[in-house]
Amino acid sequence: MAEPSPLLTVRNLGVAFRTPRGPVRAVDSLSFDVPHGRTLGIVGESGSGKSVTSLAVMGLHTGAEVTGSVALEGRELVGLSEPELNRLRGRRMAMIFQDPLSSLHPYYTVGEQIAEHHRVHFGSRRSAARARAIEALAEVGIPEPKRRAGEHPHQFSGGMRQRVMIAMALVCEPDLLIADEPTTALDVTVQAQILDLLARLQQERRLSIVMITHDLGVVARVAHEVLVMYGGRAAEQAPVDALFATPAHPYTRGLLDSLPRLDDPDDVPLRAIPGTPPSLLEPAPGCAFAPRCARAAAGTAGERERCATERPAPGGPEDHTAACHFASFPATAAHEGTAT
Amino acid sequence: MTTTPLPGTDPAPPLLRVRDLAMTFPGRRRSAPVRAVDGVGFDLAAGETLGLVGESGCGKSTTGRMIVRLLEPTAGSVEYDGRPIAHLPQRALKPLRREIQMVFQDPHSSLNPRQRVARIIADPLLVQGSPATEARGRALELMELVGLIPEHADRFPHEFSGGQAQRIGIARALATGPRLVVADEPVSALDVSVQAQIVNLMERLQEELGLSYLFIAHDLSVVKRVCDRVAVMYLGRIVEIGAKDRVYGAPAHPYTRALLSAVPLPDPAAERARERITLLGDPPSPAAPPPGCTFHPRCPKARAICRAEAPALRPLAPGEPREVACHFPEQD
């Protein structure tokens, strides 16, 4: 079932912003692939660089310095002109956001907004585009699509609005959908509906999805592969089962340990990760996670010194990599996960 | 109705007794009035944590705000330590503020950006008439208690991370030595790795200070973690209430079942194996609640009676301290 080449290839991506308080490297040395018809989950906390990464892939960072390579089916996107990007955005790759209301125009009907996408990319006639918009609304499970196409965004509930966004994103049948916290603002029962919808659309269209989220439950549910980001870099990358069963990076382990879970007994105290996510303004010379890391704290003086001063590069067996000097992979240290 | 204790609670009078609580907000312009809370009742014992869960618009925050008397209920009663407080006039509320405090969701927007941390934490004491130096000394103690560094007393809120800011909010809530803390989504604005710190802090403080919590949250995993009992709300009413183990282990209301099955588990294998009840549609608007059981349009078990008659909250079985508002509750 191996794909010949992935749809999206990101290599050594860097995104830097100039700020009044100094330059900020929001994303640094990031590499990942998204194969056809698969979902990559990108997990991270605020400031981890997960949203910046998605905007960089879409070429939406006007003020930032973007380095490295983003290739969509072999075509390099970094450095493309705005008109060239405009032809790709919405057509080959599309994006949905956390808050659909702020991404929709309040004045136009949702039918007009979806149809406009189709007209821009395919030069279709108004009537054809409108028919396509109604079809798109039906495909994302909006009842009475013909009537609702004539309504304005404020007339839709949060979940229905996110469906409208998905219809708009998919009306030109893109290959790649980037979903940035698409269900974070929704109630859990509605979140379940939207995740089901995305899974169905992925199957029907062999859509590749990048799902950006802070919710490890959502990742476990939808992702095939997972990228865990910390301080603008990749902390760990693995197929979803391996990541949850045998996390190799102390940060991933810490995150999983700190979660209250429905399926766990709750008489054991939560193992919180001490401290707070790092500031990107003053990046540590070593591992960004070192100040909060249980593994580093438990190490010898020499090990601690190494974590504090030497930045770890991602490494590991085949498809499971972790950027940690003391990453514990199942083959090498099967029981270390429980020891820390 | 106001004198019967709910079954399953201590025979000793509870710290908080809420009966038939209701809040109707007048409609704006021509829109219909909104019944945000419609007949909520529960008890909270001293030292206990009751979780109030539900989706947006279910009335859980409004309920919390009525209990701390940021809102005056339109109907119903709230008894704190045996004293009715639901309709006390503003000036009579001041002593009550010592006893009942609140922790808010967004730590930064609930702290005055122009005040230094010690002043923020001391504020409730100053309002209650403590001398400034004494209040400041207490603020420094509180900073230590919640895991902040007292040397940071003269910093401003923006110099703190979200988790630290929530610690400030908690310290302020504890300044007057309250017995009841209403926490409205206290961890949902925080990073995942920081949530556990705050949950652990709240559990430790409860143990050390004997606090009672009304813990309002939409995250069912967090609520399961911190609560002794849970009340599930839907459209302004409690649909199920009982001991945490029972509500989570054998949910009796179809909505509770659906809600629990919708929470994604951080375990891919369990996620694939899981049977999920997907509800259709969205929660209805509290301005136009459906007739009969308000859950019936989304309920997989709804029958004719559900469309006609609203089920009352009643014990699931004789002697079981769990109550369910459903014509056809699940019996395990």
Side-chain angles (χ1 to χ4, degrees), chain A residues 43-48 141 143 156-160 183 185-193 195-196 213-224 226 230 239-245 251 254-264 266 269-277 279 292, chain B residues 53-58 147 160-164 187-201 203-204 218-227 244-245 248 255 258-272 274 276-285 298:
Chain A
V43 204
E45 302 180 280
S46 44
S48 65
F156 289 76
S157 67
M160 284 293 154
T183 58
L186 305 176
D187 285 320
V188 272
T189 59
V190 179
Q191 165 173 279
Q193 296 168 6
L195 295 180
D196 284 350
T213 178
H214 68 282
D215 187 330
L216 286 156
V218 170
V219 168
R221 175 143 170 212
V222 304
H224 300 106
V226 186
Y230 192 80
V240 68
D241 287 300
L243 186 98
F244 282 86
Y251 174 59
L255 267 189
L256 289 170
D257 284 347
S258 68
L259 283 185
R261 299 158 74 132
L262 276 188
D263 52 350
D264 264 9
D266 29 45
L270 289 177
R271 281 178 291 181
I273 304 179
T276 49
S279 156
R292 307 175 70 190
Chain B
V53 301
E55 300 182 286
S56 46
C58 72
F160 294 84
S161 67
Q164 290 169 327
V187 301
S188 56
L190 305 176
D191 272 318
V192 180
S193 73
V194 178
Q195 287 191 0
Q197 296 175 9
I198 300 298
V199 165
N200 285 345
L201 171 66
E203 289 189 330
R204 174 170 67 79
H218 71 283
D219 185 329
L220 291 151
S221 318
V222 171
V223 167
K224 172 164 182 279
R225 169 76 230 176
V226 299
C227 295
K244 168 180 71 182
D245 297 346
Y248 279 81
Y255 178 62
L259 204 57
L260 285 170
S261 92
V263 178
L265 301 175
D267 178 345
E271 267 298 314
R272 280 190 294 268
R274 218 163 160 213
R276 202 174 283 115
I277 310 160
T278 304
L279 290 181
L280 301 173
D282 299 305
S285 157
R298 305 177 77 196

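Every chain is numbered from 1, with letters handed out A, B, ... down the list of sequences.
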Worksheet entry | Side chain, backbone, both or neither of A:V219 within contact of chain B (heavy atoms, under 4.5 Å) | neither
Discussion item. Between B:N200 and chain A, with a heavy-atom cut-off of 4.5 Å, which part of the residue counts as in contact: side chain, backbone, both or neither?
Written reply: side chain
Item to complete: Answer yes or no: is there a side-chain heavy-atom contact under 4.5 Å between B:D191 and A:H214?
Response: no
Fill in: chain B interface, residue from A:T276, A:L262, A:I273 that has the most non-hydrogen pairs under 4.5 Å
A:L262
Worksheet entry | For chain A, the option from B:G162, B:G281, B:G57 that forms the most heavy-atom pairs under 4.5 Å | B:G281
Practice prompt. Go through A:E45 and B:S193 one step at a time and tell me if the side-chain hydrogen bond (donor to acceptor under 3.5 Å, both in side chains) criterion holds.
Written response: CA-CA 8 Å; A:E45 302 180 280; B:S193 73; 2.7 Å; yes
Worksheet item: What's the shortest heavy-atom distance between A:P260 and B:S221, and which atoms?
Response: O-CB, 3.3 Å
Worksheet item: For the atom pair CG (A:L259) and CG (B:D219), what is the distance rounded to the nearest 0.5 Å?
Response: 9.5 Å
Discussion item. Does any part of the side chain of B:V194, heavy atoms only, come nearer than 4.5 Å to the side chain of A:P277, both counted from C-beta?
Written reply: yes
Fill in: Donor-acceptor pair, side chain of A:Q193 and main chain of B:T278, under 3.5 angstrom
no
Worksheet entry | Interface moiety of B:E271 toward chain A, non-hydrogen atoms closer than 4.5 Å | side chain
Discussion item. When you measure from the side chain of A:D187 to the backbone of B:S56, do you find a donor-acceptor pair of N or O atoms at a distance under 3.5 Å?
Written reply: yes
Item to complete: Check the pair B:R298 / A:T189 against side chain to side chain contact (heavy atoms under 4.5 Å, CB included), numbers first and verdict last.
Response: CA-CA 11 Å; B:R298 305 177 77 196; A:T189 59; 3.1 Å; yes
Worksheet entry | side chain to side chain contact (heavy atoms under 4.5 Å, CB included) evaluation trace for A:D241 with B:R272 | CA-CA 11 Å; A:D241 287 300; B:R272 280 190 294 268; 2.7 Å; yes
Practice prompt. Measure the shortest side-chain to side-chain distance between A:R261 and B:P266 over non-hydrogen atoms and say whether it is less than 4.5 angstrom.
Written response: yes
Discussion item. Side chain to side chain contact (heavy atoms under 4.5 Å, CB included) for B:R276 and A:R221? Distances and angles first, verdict last.
Written reply: CA-CA 12 Å; B:R276 202 174 283 115; A:R221 175 143 170 212; 3.2 Å; yes
Discussion item. With a 4.5 angstrom heavy-atom cut-off, is it the side chain or the backbone of B:I277 that approaches chain A, or both, or neither?
Written reply: neither
Practice prompt. Please state whether the side chain, the backbone, both or neither of B:V199 comes within less than 4.5 Å of a heavy atom of chain A.
Written response: side chain
Item to complete: Sort B:Q195 into side chain, backbone, both or neither according to what part of it lies under 4.5 angstrom from a heavy atom of chain A.
Response: neither
Discussion item. Working to the nearest 0.5 angstrom, can you tell me the gap between A:L186 CG and B:D282 CG?
Written reply: 9.0 Å
Practice prompt. Dump the intermediate steps for side chain to side chain contact (heavy atoms under 4.5 Å, CB included) on B:V263 and A:Q191, then the final yes or no.
Written response: CA-CA 9 Å; B:V263 178; A:Q191 165 173 279; over 6 Å; no
